[in-house]
Amino acid sequence: MTTVGISGVRKLTQEQEQQVRRELTELMRGWEVTHCHVGDAAGVDAIARDVAHATSVKATWHEIRSHERWAYAERSTRMVKALAAEAGTLHAWINKPCPPGLKPGKTWKGANGSGTWGTVALAVGHGLKVELHWLTEPREEPDWMENRQLILV
C-alpha cells in the first residue's frame, strides 16, 4: 500500500493545470497509490481530489475548520501528521522559490506565510520523504533540503 500527500499552489495557468493533472494521473496510476491525503483548497488540491476520484484512489480530504488565518496551517499540519502515521510521501507542486528564513520543523511557526513551502518544511521536519514538482523556473531547493529524502521531478 502506497500513501501520498498532495500540496501545491492555488492559482495555476492553464498549462500548469495540465501539467499537474498529467503528473497526478501518472502518480496515482503508476505508483500503485492506494491512499491520498489532500487539502480542500483550489488549484492543486482540487485537481488531486478529481484525479483520486477518477483513478479510484481512496482520498482523505483535510478541510479547514475555520476561516481564520491559523486554520490553513492547522489543516496542513493535520494532513502531514496523518501522512506521517502512514509513512507516506509528500508530493508538492511549487511555483516560486522557498521564502527566506523558512526552516523545517514539527510545527508551523517558521512557515513565513507560504502554504506549500510551509507544508514541505513541516513534512521534512516530521522525517517524511518529499518529492517536488516544479511549475516554474528556477528550480532551486533550499539548503535545508540537502541530504534529505528528496527527489526532484
Side-chain angles (χ1 to χ4, degrees), residues 1-65 71-99 102 104-106 108 111 113-142 144-153:
M1 177 164 121
T2 301
T3 301
V4 297
I6 306 298
S7 185
V9 299
R10 294 179 184 173
K11 294 181 182 177
L12 298 162
T13 66
Q14 186 174 14
E15 182 179 298
Q16 290 170 340
E17 186 177 321
Q18 291 171 350
Q19 175 186 338
V20 170
R21 190 170 297 280
R22 181 181 68 251
E23 290 175 0
L24 277 168
T25 301
E26 216 172 86
L27 172 70
M28 292 198 197
R29 284 195 176 138
W31 286 39
E32 297 180 10
V33 171
T34 55
H35 191 192
C36 171
H37 289 276
V38 63
D40 62 349
V44 171
D45 286 5
I47 295 169
R49 292 189 306 270
D50 289 346
V51 172
H53 179 74
T55 57
S56 299
V57 169
K58 176 185 173 191
T60 300
W61 298 354
H62 299 270
E63 298 176 343
I64 59 169
R65 296 177 175 164
Y72 299 92
E74 189 273 335
R75 172 195 58 204
S76 293
T77 301
R78 251 186 299 119
M79 184 185 79
V80 167
K81 286 181 177 180
L83 186 61
E86 296 181 48
T89 299
L90 179 69
H91 289 261
W93 277 261
I94 304 293
N95 71 344
K96 60 186 171 187
C98 181
L102 179 67
K106 291 194 174 193
W108 195 263
S114 175
T116 303
W117 276 113
T119 303
V120 168
L122 193 62
V124 169
H126 280 270
L128 292 174
K129 182 177 176 183
V130 175
E131 294 196 23
L132 299 179
H133 300 259
W134 294 92
L135 298 168
T136 59
E137 299 290 337
R139 297 174 177 209
E140 185 177 321
E141 75 272 5
W144 48 263
M145 292 197 76
E146 291 178 13
N147 301 320
R148 300 281 180 174
Q149 292 182 3
L150 172 72
I151 296 173
L152 298 176
V153 181

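FYI, the numbering just counts along the sequence from 1.
Here the closest heavy-atom approach between residue Leu12 and residue Val9 is recorded as CD2-CG2, 3.3 Å. The shortest non-hydrogen separation linking Trp144 to Cys98 is CZ2-SG, 3.9 Å. Closest approach of Ala84 and Leu128 over heavy atoms only: CA-CD2, 3.6 Å. Considering every non-hydrogen atom in both Val130 and Ala123, the closest pair reads CG2-CB, 4.0 Å. Nearest heavy atom pair, residue Tyr72 against residue Arg10, reads CD2-NH2, 3.4 Å.
A donor-acceptor pair under 3.5 Å is formed between the side chain of Asp40 and the backbone N or O of Ile64. With hydrogens and angles ignored, the 3.5 Å screen pairs no side-chain donor or acceptor of Trp93 with any backbone N or O of Gln19. Checking side-chain atoms of Thr116 against main-chain N and O of Gly8 turns up a donor-acceptor pair under 3.5 Å. Listed for the Arg78 side chain is a donor-acceptor partner under 3.5 Å among the backbone atoms of Glu63.
Rounded to the nearest 0.5 angstrom, Thr3 OG1 and Leu90 CG are separated by 12.5 Å. Within the model, atoms CD of Glu23 and CG of Leu135 stand 7.5 Å from one another, a figure rounded to the nearest 0.5 Å. The OG atom of Ser76 sits 13.5 Å away from atom NE2 of His37, with the distance rounded to the nearest 0.5 Å. The CE atom of Met28 lies 12.5 Å from the NE2 atom of His53; values are rounded to the nearest 0.5 Å. Here NZ of Lys11 is found 11.0 Å from CG of Asn95. Values are rounded to the nearest 0.5 Å.
Of the residues listed (Ser7, Pro97, Pro99), the one engaging Trp117 in a side chain to side chain contact (heavy atoms under 4.5 Å, CB included) is Pro99, and it is the only one. Partner of Val44 under the side chain to side chain contact (heavy atoms under 4.5 Å, CB included) criterion, out of Val38, Val20, Ile94: Val20 alone.
Salt-bridge formation is not detected for the pair Arg22/Glu26: no Lys NZ or Arg NE/NH1/NH2 atom is positioned less than 4.0 Å from an Asp or Glu carboxylate oxygen.
Taking the six-membered ring where tryptophan is involved, the planes of His91 and His133 are tilted, since the angle between them lies from 30° to 60°.
In this structure, the side chains of Leu83 and His126 stay at 4.5 Å or more apart for every pair of heavy atoms. Under the 4.5 Å side-chain criterion, counting only non-hydrogen atoms from C-beta, Arg75 is not in contact with Arg65.
Under the 3.5 Å distance criterion, with hydrogens and angles disregarded, a donor-acceptor pair is assigned to the side chains of Thr60 and His35.
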What's the verdict on side-chain contact (heavy atoms from CB on, under 4.5 Å) for Thr136 and Gln16, showing C-alpha distance, side-chain angles and the deciding distance?
CA-CA 9 Å; Thr136 59; Gln16 290 170 340; 3.5 Å; yes
Given the rule in the side-chain contact (heavy atoms from CB on, under 4.5 Å) test, do Arg21 and Asp50 qualify, once you have shown the distances and angles that lead to the verdict?
CA-CA 9 Å; Arg21 190 170 297 280; Asp50 289 346; 3.9 Å; yes
Show your working on side-chain contact (heavy atoms from CB on, under 4.5 Å) between Leu27 and Ile6 and close with a plain yes or no.
CA-CA 11 Å; Leu27 172 70; Ile6 306 298; 4.1 Å; yes
